[in-house]
K.L.:
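One structure is given below, represented as structure tokens, and several questions about it will come after.
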Amino acid sequence: HGGRIVQSAAELRRRAGWVREIAGLESDGHGGCLLDDPDFSRRLGLLEIGVEAAAAAAEQLVQLARSDAPPGTEAELLNIRGRELDQALTELAVEAIGPAAAADQRAARFVRSDVPVIGAGHALMPMPVFLAQRGATIAGGTPDIHRNNIARHMLRGSH
């Protein structure tokens, strides 16, 4: 379980780097890139802080698991927070590519496709990732289900 938590933290860091890369390639409309936009940079920075906090919490959970402490709700809470961060980062990537996100570019993503890309090549993936995350959230259990599990666990412990 601890390895999966650390892997999730590493994936969040990669996602944040991906969004930062996209923002560096997209125009801010004023001659610079989106990273020069104070509002966009602030929102990305806040998410990156959240990612680092999740990574630190994941490391603490791994240490807790090694100490043979009884499992609590921390892993489930971290799972919820990780999903929220991942989705927020992807939403920011979709926002960064702007109108290109609305185009259906499935055919352009195939290897050796002769379908031209609308916009830049980095605009191909944010929307499909965004849509896939929504399906994965439902398949993996909605955050409300996870919160109910946490509440049940906590109520059992309070008797």
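All values derive from a computational prediction rather than experimental measurement.
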K.L.:
To the nearest 0.5 angstrom, please state how far the CD atom of Glu52 sits from the CG atom of Leu85.
P.N.:
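It comes to 10.5 Å.
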K.L.:
So, for Pro126 and Trp18, which heavy atoms are closest and what is the spacing to 0.1 Å?
P.N.:
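Closest pair (atom of Pro126, atom of Trp18, distance): CA-CH2, 3.6 Å.
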K.L.:
Can you tell me how far CD1 of Ile97 sits from CG of Leu25, rounded to the nearest 0.5 angstrom?
P.N.:
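Atom-to-atom, Leu25:CG and Ile97:CD1 are 11.5 Å apart.
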K.L.:
Looking at CG of Leu61 and CG of Asn79, how far apart are the two atoms once the value is rounded to the nearest 0.5 Å?
P.N.:
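Answer for the CG-CG pair, Leu61 versus Asn79, is 11.0 Å.
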K.L.:
For Val19 and Leu47, run side-chain contact (heavy atoms from CB on, under 4.5 Å): C-alpha distance rounded to whole Å, both residues' side-chain angles, the deciding distance at 0.1 Å, then the answer.
P.N.:
CA-CA 10 Å; Val19 176; Leu47 289 173; over 6 Å; no
K.L.:
Does the side-chain contact (heavy atoms from CB on, under 4.5 Å) test come out yes or no for Glu11 and Asp86, once each step is laid out?
P.N.:
CA-CA 9 Å; Glu11 289 169 7; Asp86 198 22; over 6 Å; no
K.L.:
When you compare the side chain of His30 with that of Asp36, does any pair of heavy atoms fall below 4.5 Å?
P.N.:
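No, too far: nothing below the 4.5 Å cut-off.
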K.L.:
Measuring from atom OG of Ser8 to atom CZ of Arg15, what distance do you get when rounded to the nearest 0.5 angstrom?
P.N.:
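Those atoms lie 11.5 Å apart.
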K.L.:
Compare all side-chain heavy atoms of Leu44 with those of Leu35 and state whether any distance is below 4.5 angstrom.
P.N.:
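Side chain of Leu44 against side chain of Leu35, heavy atoms only: contact under 4.5 Å found.
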K.L.:
Hey, are the side chains of Asp39 and Arg43 touching, using non-hydrogen atoms and a 4.5 Å cut-off?
P.N.:
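Result yes, sub-4.5 Å side-chain heavy-atom pair found.
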K.L.:
Output the distance between atom CG (Leu92) and atom CZ (Arg20), rounded to the nearest 0.5 Å.
P.N.:
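Going from CG on Leu92 over to CZ on Arg20, the span is 10.0 Å.
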K.L.:
Which atom pair, heavy atoms only, marks the closest approach of Gly24 to Cys33?
P.N.:
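Answer, listing the atom of Gly24 first, then Cys33: O-CB, 3.4 Å.
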K.L.:
Please report the closest heavy-atom contact between Ala96 and Ile22, naming both atoms and the distance.
P.N.:
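The answer is CB-CG2, 3.9 Å.
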K.L.:
How close do Arg81 and Gly50 get, counting heavy atoms only, and between which atoms?
P.N.:
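In terms of heavy atoms, the two residues are closest at NH2-CA, 4.5 Å.
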K.L.:
To the nearest 0.5 Å, how far apart are CD in Glu84 and CD in Glu91?
P.N.:
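Answer rounded to 0.5 Å: 10.5 Å.
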